[in-house]
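Here is the structure we will look at.
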2 protein chains.
Amino acid sequence: MTSPKPVPPGRPRAFDIDEALDRAVLVFWSKGFEGASLDDLTEGMGISRPSLYRAFGSKEDLFYKALERYTEGLTAYFARALAEPTSAAVATAVLHGTVEAATMPGLPTGCLGVHGALATGDESRPVRDALIAWREEGIAHLTRRFQQAVDAGDLPPSTDPHLLALYLRTVANGIAVQAASGSSRPELLQVANLALGSWPKL
Amino acid sequence: MTSPKPVPPGRPRAFDIDEALDRAVLVFWSKGFEGASLDDLTEGMGISRPSLYRAFGSKEDLFYKALERYTEGLTAYFARALAEPTSAAVATAVLHGTVEAATMPGLPTGCLGVHGALATGDESRPVRDALIAWREEGIAHLTRRFQQAVDAGDLPPSTDPHLLALYLRTVANGIAVQAASGSSRPELLQVANLALGSWPKL
DNA sequence: GCACATCCGTACCGATCGGTACCGAAGGAG
DNA sequence: CTCCTTCGGTACCGATCGGTACGGATGTGC
């Protein structure tokens, strides 16, 4: 059995690459892609500029990798929510998870997938489009989950799974924006519950 | 009776200042405050850089004036919505107006008050805060309107007017984000109607 | 006609942007 | 110990950023 760490040649990296990525997430999250300068990033990550480029390629590549890590880490509640037994439980878990993730003490408010690059100059359009695709992917997952619920008789046959998914994503977007505007966690939980009040009853 | 146009001394301005402001709105709307460079603005407004500074002071001042004009113009549906006779009609008019304004053919998608400066670098923080205040003002207007509805017996006495206002603003924020992600007007109208389904029935 | 105020645009400012050339340091392989 | 590869950081690159100095043009009031 080969070692999982086939020590690479050359001088070893002096910093932990995942830890640096975690810190980059925080910078992009609070300032957005365009608002985060390389000086902001290098200071926040605790590494020098050439180290950043060697490890991550470019500012844009760094953002994509940070988004990936954000998705696997801080939005893991989403994957768990999809595994809930009923569609109503899925919706509740998604919105409650969104509120919690968007109002974590000690972390930036809102959601990287919403704030990262909502409106940008032409140069950052690829990043903007990547975030659109990121949100679209969430909708696609929810749509499949709700289609499954319709098939299983958990939702009325007349239900439009895509509409429900889009509705949830829309409310989640709004929660992220309001969290970044300073709305508190209890306030937003009430909003989430109000939004869940219109969930189709079987 | 004095003339309303007391012709000022000096060479007259060669462009219409409100028209230029309208065009600035479009640039800020589609690219955001940070993403809109002075070259973007001067090209979009059809005036030179010093003309822009003489007429509007700075990029930041220009943004504030553009936001003001946007509020009085493209979001006039909001003031009309507040004048609807019932709280349910107010809510419907707000969300339908939001969807329409966010998906106007020939105009940028979404909402300047949401996209303009959601996450920014430190330098643009005043602009970000101004947009937070802008959204907060909308919530305050709605809160007063719903308090009035409670007082008039149009809403149950147990209603929390602020919660309803925050809920509407949250859904409107989400609609703006989704519009900027490419969701269509019919889709978003369905989402708005779904959101209105949880409106308190008297 | 003349003085004055404001406008116009060209051409420029220092600062900051994202990105990199370079060279010494630090590890493994022989 | 030498070679090779990759790391580290300083010091720099051209491009673009927001903002302005300046000189010519165009209007009103006297």
Side-chain angles (χ1 to χ4, degrees), chain A residues 2-3 5-21 24 27-28 31-66 116-117 119-128, chain B residues 2-21 24 27-28 31-66 116-117 120-128:
Chain A
T2 48
S3 165
K5 281 245 183 175
V7 181
R11 178 173 173 174
R13 187 176 284 120
F15 61 93
D16 184 284
I17 198 165
D18 284 331
E19 188 177 332
L21 208 44
V27 177
F28 280 132
K31 301 194 173 186
F33 176 73
E34 281 181 336
S37 71
L38 279 178
D39 282 343
D40 292 328
L41 288 164
T42 53
E43 186 190 337
M45 298 167 77
I47 64 177
S48 75
R49 201 179 283 235
S51 292
L52 188 157
Y53 274 80
R54 249 190 310 274
F56 302 104
S58 70
K59 186 188 175 186
E60 189 175 330
D61 288 339
L62 172 61
F63 183 85
Y64 296 140
K65 284 165 183 161
T120 68
D122 299 326
E123 202 172 328
S124 308
R125 177 140 306 183
V127 177
R128 214 194 64 171
Chain B
T2 49
S3 166
K5 281 247 184 177
V7 182
R11 177 172 172 176
R13 187 174 285 120
F15 61 93
D16 185 283
I17 198 166
D18 284 332
E19 188 177 331
L21 208 44
V27 177
F28 280 132
K31 302 193 171 186
F33 176 74
E34 281 181 335
S37 71
L38 279 178
D39 283 343
D40 292 329
L41 289 164
T42 53
E43 185 190 337
M45 298 165 79
I47 65 178
S48 75
R49 201 179 282 237
S51 291
L52 187 157
Y53 274 81
R54 236 172 291 117
F56 302 104
S58 71
K59 185 189 175 186
E60 188 175 329
D61 288 338
L62 172 61
F63 183 85
Y64 296 141
K65 284 166 182 160
T120 68
D122 300 325
E123 202 173 326
S124 308
R125 176 141 306 184
V127 177
R128 214 195 64 169

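Protein chains get the first letters and strands the later ones, always in sequence-line order, with residue 1 at the start of each.
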Whole angstroms only, please: what is the [atom1]-[atom2] distance between [X] and [N]?
| X | N | atom1 | atom2 | result |
| --- | --- | --- | --- | --- |
| B:Asp39 | C:dT10 | CG | P | 13 Å |
| B:Phe15 | C:dT6 | CZ | C1' | 12 Å |
| B:Leu41 | D:dC17 | CG | P | 11 Å |
| B:Glu34 | D:dT16 | CD | C1' | 15 Å |
| A:Glu123 | C:dG18 | CD | C1' | 8 Å |
| A:Asp61 | C:dG18 | CG | C1' | 13 Å |

For the atom pair [atom1] ([X]) and [atom2] ([Y]), what is the distance rounded to the nearest 0.5 Å?
| X | Y | atom1 | atom2 | answer |
| --- | --- | --- | --- | --- |
| A:Leu41 | A:Phe56 | CG | CZ | 10.0 Å |
| B:Phe33 | B:Glu60 | CZ | CD | 5.5 Å |
| B:Glu123 | B:Arg128 | CD | CZ | 14.5 Å |
| B:Glu43 | B:Ser37 | CD | OG | 9.0 Å |
| B:Ser48 | B:Arg54 | OG | CZ | 6.5 Å |

Item checked: Heavy-atom side-chain proximity of A:Val27 to A:Met45 below 4.5 angstrom -> no

Check: Can you tell which of C:dG18, C:dG27, D:dG27 lies closest to the side chain of A:Pro12?
Finding: C:dG27

Margin query: Within the 4.0 Å heavy-atom criterion, would you say B:Ser48 contacts the bases, only the backbone, or no part of the nucleic acid?
Written below: base

Check: Within the structure shown, what part of the strands sits under 4.0 Å from B:Ala36 by heavy-atom distance: base, sugar-phosphate, or nothing?
Finding: sugar-phosphate

Please write out the pairs of protein N or O atoms and N or O atoms of nucleotides 19-22 of chain D separated by less than 3.5 Å, giving the distance to one decimal.
from	atom 1	to	atom 2	distance (Å)
D:dG19	OP2	B:Tyr53	OH	2.3
D:dG19	OP2	B:Lys59	N	3.2
D:dG19	O5'	B:Tyr53	OH	3.0
D:dG19	N7	B:Arg49	NH1	3.0
D:dG19	O6	B:Arg49	NH1	3.2

Next item on the list: Please confirm whether the backbone N or O of B:Thr120 pairs with a side-chain atom of B:Glu34, one donor and one acceptor, at under 3.5 Å?
Entry: no

Notebook entry, point to check: Would you say B:Arg11 reaches C:dC8's phosphate, i.e. side-chain N/O to OP1/OP2 under 4.0 Å?
Noted result: no

Item checked: Short side-chain N/O contact to C:dC7 OP1/OP2 from B:Ser51, under 4.0 Å -> no

